[in-house]
S.K.: 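One structure coming up, written as structure tokens, with questions to follow.
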Amino acid sequence: MIKVAVLDDYQNAFEQIIDINLYKDNYDFKIFNEPFQSEEETIIALEDFEALFIMRERTPITKSLISSLSKLKYIMTSGMRNNSIDLNTA
């Protein structure tokens, strides 16, 4: 089972687009609606996730964040681009 963190879904759009029940055998989704207050808080909240699905450009996905998430394998975004992701590191 892949643990997926859905970040920055402040409009609760993810569950309107994706029926998470259809994927519950393979994916464990946790939706984060509120912003993190610091990178340290972000690291603690996301340390067990293998995948990040980023809805907005609110949470910086920096080199230090990526390096701190030892289980992270996948980074996805809902748009054509996402300027909050350090693409060189990713």
Side-chain angles (χ1 to χ4, degrees):
M1 171 116 25
I2 296 175
K3 292 185 72 168
V4 181
V6 179
L7 305 183
D8 304 324
D9 186 17
Y10 60 84
Q11 294 178 317
N12 296 309
F14 186 76
E15 288 188 272
Q16 295 174 25
I17 299 166
I18 302 293
D19 182 354
I20 61 174
N21 290 319
L22 294 176
Y23 303 98
K24 65 182 177 183
D25 292 338
N26 297 316
Y27 303 97
D28 179 16
F29 293 101
K30 178 163 181 173
I31 299 170
F32 293 88
N33 303 97
E34 299 298 320
F36 298 108
Q37 298 304 306
S38 66
E39 186 169 86
E40 182 178 336
E41 179 187 347
T42 308
I43 291 167
I44 292 167
L46 301 179
E47 65 188 353
D48 290 328
F49 290 92
E50 289 106 346
L52 304 179
F53 187 85
I54 303 146
M55 298 287 292
R56 305 286 186 269
E57 294 178 326
R58 184 167 66 181
T59 300
I61 309 301
T62 63
K63 181 177 184 174
S64 60
L65 176 68
I66 293 169
S67 299
S68 297
L69 300 176
S70 62
K71 296 180 182 179
L72 184 63
K73 297 177 184 172
Y74 308 101
I75 300 173
M76 301 158 283
T77 188
S78 59
M80 295 291 290
R81 62 176 168 73
N82 189 314
N83 290 325
S84 68
I85 302 169
D86 181 338
L87 293 178
N88 291 328
T89 300

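Worth saying up front: this structure is predicted, and the values here are computed from it rather than measured.
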S.K.: Taking Glu50 for its side chain and Lys71 for its backbone only, find out whether a donor-acceptor pair lies under 3.5 Å.
M.R.: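 Side chain of Glu50 to backbone of Lys71: no pair is present.
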
S.K.: Using a 4.5 Å cut-off on heavy atoms from C-beta on, say whether the side chain of Ile66 contacts that of Ile75.
M.R.: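 Yes - at least one pair of side-chain heavy atoms lies under 4.5 Å apart.
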
S.K.: Evaluate the side-chain proximity of Tyr23 to Val4: yes if any heavy-atom separation is below 4.5 Å, no if none is.
M.R.: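 Contact flag for Val4/Tyr23 side chains = no.
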
S.K.: Just by distance, do the side chain of Glu57 and the backbone of Asn83 share a donor-acceptor pair under 3.5 Å?
M.R.: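 Answer holds: yes.
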
S.K.: Distance check, rounded to the nearest 0.5 Å: Ser64 atom OG versus Glu40 atom CD?
M.R.: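 Going from the OG atom of Ser64 to the CD atom of Glu40 covers 11.5 Å.
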
S.K.: Which pair of heavy atoms, one from Ile85 and one from Ala90, lies closest together, and at what distance?
M.R.: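 What the structure gives for the nearest pair is CG2-CB, 4.2 Å.
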
S.K.: Are Leu52 and Phe14 connected in a single hydrophobic cluster, I mean Ile/Leu/Val/Met/Phe/Trp/Tyr linked by side-chain heavy atoms less than 4.5 Å apart?
M.R.: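 No, Phe14 does not connect to Leu52 through the hydrophobic network.
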
S.K.: Please report the closest heavy-atom contact between Met55 and Asp8, naming both atoms and the distance.
M.R.: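 What the structure gives for the nearest pair is CB-O, 3.7 Å.
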
S.K.: In terms of hydrophobic clustering (I, L, V, M, F, W, Y; side-chain heavy atoms under 4.5 Å; direct or indirect links), are Ile43 and Leu72 co-clustered?
M.R.: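 Yes, same cluster.
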
S.K.: I need the minimum non-hydrogen distance between Phe49 and Ala5, along with the two atoms involved.
M.R.: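 Of all heavy-atom pairs spanning Phe49 and Ala5, the closest is CD2-N, 3.3 Å.
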
S.K.: Counting only heavy atoms not in Lys3, do more than 12 fall under 6.0 Å of its NZ?
M.R.: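 Enclosed: over 12 neighbouring heavy atoms sit under 6.0 Å from NZ of Lys3.
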
S.K.: Would you confirm whether Ser84, through its side chain, and Arg58, through its main-chain N or O, come within 3.5 Å as a donor-acceptor pair?
M.R.: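 Flag not set: sc Ser84 to bb Arg58 has no pair under 3.5 Å.
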
S.K.: Could you tell me the separation between the CG atom of Leu7 and the CZ atom of Phe53, rounded to the nearest 0.5 Å?
M.R.: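 The distance works out to 10.0 Å.
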
S.K.: In terms of hydrophobic clustering (I, L, V, M, F, W, Y; side-chain heavy atoms under 4.5 Å; direct or indirect links), are Ile20 and Tyr74 co-clustered?
M.R.: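 Yes, because Ile20 and Tyr74 connect within a single hydrophobic cluster, where side-chain heavy atoms sit under 4.5 Å apart.
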
S.K.: Any link between Leu22 and Met76 through a network of hydrophobic side chains (Ile, Leu, Val, Met, Phe, Trp, Tyr) touching at under 4.5 Å?
M.R.: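 Hydrophobic grouping puts Leu22 with Met76.
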
S.K.: For Met1 and Asp25, which heavy atoms make the closest approach, and how far apart are they?
M.R.: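 Looking at all heavy atoms of both residues, the closest pair is CE-O, 3.7 Å.
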
S.K.: If you define the side chain from C-beta out and look only at heavy atoms, does anything of Gln16 sit under 4.5 Å from Gln11?
M.R.: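 No - every pair of side-chain heavy atoms lies 4.5 Å or more apart.
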
S.K.: Counting heavy atoms not belonging to Phe29, are there more than 12 under 6.0 Å from its CZ?
M.R.: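 Result for CZ/Phe29: enclosed.
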
S.K.: In terms of hydrophobic clustering (I, L, V, M, F, W, Y; side-chain heavy atoms under 4.5 Å; direct or indirect links), are Val6 and Ile17 co-clustered?
M.R.: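 Both belong to a single hydrophobic cluster.
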
S.K.: Quick check: closest heavy atoms across Ala45 and Phe36, and the distance to 0.1 Å?
M.R.: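 Where Ala45 meets Phe36 most closely, the heavy atoms are CB-CE2, 3.5 Å.
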
S.K.: Is any side-chain heavy atom of Ile61 closer than 4.5 Å to one of Asp86?
M.R.: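 A side-chain contact under 4.5 Å is absent here.
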
S.K.: Calculate, to the nearest 0.5 Å, the distance between atoms CG and CD belonging to Leu46 and Glu41 respectively.
M.R.: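 Reported to 0.5 Å precision, the distance equals 9.5 Å.
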
S.K.: Hey, what do you get for CZ (Arg56) to OG (Ser78), rounding to the nearest 0.5 Å?
M.R.: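 Spacing of CZ (Arg56) from OG (Ser78) equals 6.0 Å.
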
S.K.: Can a donor-acceptor pair be found, under 3.5 Å and without considering hydrogens, that links the side chain of Asp9 to the backbone of Ile31?
M.R.: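 No.
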
